[in-house]
Amino acid sequence: MRFWLIISLMLSVWVSVTTAQDAPITNPDTCLAEGAYDPNVDYFPEKVTLEYTTGFSVDYFNAYKVVTVTTPWNNADADDVVQYLLVQCGAPIPTGYDTAQVVSIPVTSAVSMST
């Protein structure tokens, strides 16, 4: 489980680093100021396009993105799907993702305690 958390965090960092050259708006690199959240703003204008991978997907919403890992381990069943909810810091956590691991973006630190 921690392995996929690290993978999603690395994906989030990679998404923020690999962007279009001419994109005028970028993903925020700090938390939103108190009261600055606007539900109509797309806080993740830079989006990753997955071309050569299977096993996970990334869905974007204005203030959060959902990383869905459909194959979290070998021989995983359809019920073994794992979701990570990456929420812009300062934005409210959306409902409906009761089993998802919530990660505040931008990530400021991470720890892996797995072999």
Side-chain angles (χ1 to χ4, degrees):
M1 182 80 166
R2 291 179 193 265
F3 172 77
W4 290 110
L5 175 61
I6 297 302
I7 294 298
S8 68
L9 295 176
M10 289 172 35
L11 174 64
S12 176
V13 171
W14 178 78
V15 168
S16 62
V17 171
T18 58
T19 61
Q21 295 283 334
D22 56 350
I25 300 173
T26 60
N27 297 348
D29 58 358
T30 61
C31 288
L32 300 176
E34 175 106 18
Y37 170 69
D38 181 349
N40 299 313
V41 172
D42 182 359
Y43 292 100
F44 299 107
E46 301 168 10
K47 302 189 176 27
V48 67
T49 302
L50 303 175
E51 296 179 23
Y52 305 106
T53 187
T54 59
F56 76 96
S57 64
V58 181
D59 296 307
Y60 289 89
F61 301 89
N62 281 354
Y64 65 98
K65 45 190 157 182
V66 180
V67 177
T68 303
V69 182
T70 54
T71 312
W73 49 81
N74 290 336
N75 303 318
D77 295 328
D79 296 334
D80 294 329
V81 172
V82 176
Q83 284 189 318
Y84 298 97
L85 188 62
L86 294 95
V87 180
Q88 174 60 44
C89 182
I93 297 173
T95 59
Y97 298 96
D98 298 333
T99 61
Q101 174 72 41
V102 178
V103 178
S104 182
I105 300 296
V107 174
T108 56
S109 65
V111 174
S112 175
M113 297 173 59
S114 180
T115 57

Work out which heavy atom in V107 is nearest to a heavy atom in V103; give both atom names and the distance. CG2-CG1, 3.8 Å

Using the side chain to side chain contact (heavy atoms under 4.5 Å, CB included) criterion, which residues pair with D38? Sequence neighbours excluded. N40, V41, Y43

Main-chain N/O of T30 paired with Q88 side-chain donor or acceptor, under 3.5 Å: yes

Report the C-alpha distance between V48 and K65 in whole Å, list the side-chain angles of each, state the deciding distance to 0.1 Å, and finish with yes or no for side chain to side chain contact (heavy atoms under 4.5 Å, CB included). CA-CA 11 Å; V48 67; K65 45 190 157 182; over 6 Å; no

Does any pair with a residue in residues 44-76 pass disulfide (SG to SG under 2.5 Å), and if so which ones, sequence neighbours excluded? none

Other cluster members, F61 - Ile/Leu/Val/Met/Phe/Trp/Tyr, side-chain contacts below 4.5 Å: Y64, V66, L85, V87, I93, Y97, V102

Which heavy atom of N62 sits nearest to which heavy atom of P39, and what is that distance? ND2-O, 2.9 Å

Please name all residues satisfying side chain to side chain contact (heavy atoms under 4.5 Å, CB included) with T53, sequence neighbours left out, ordered by chain then number. L50, F56

Across all chains, not counting sequence neighbours, the side chain to side chain contact (heavy atoms under 4.5 Å, CB included) partners of C89 are C31, S104, P106

Applying side-chain hydrogen bond (donor to acceptor under 3.5 Å, both in side chains), name anything that partners T68, two or more places apart in sequence or on another chain. Q83

Any side-chain heavy-atom pair of I105 and F44 under 4.5 Å: yes

Disulfide (SG to SG under 2.5 Å): which pairs involve residues 33-69, sequence neighbours left out? none

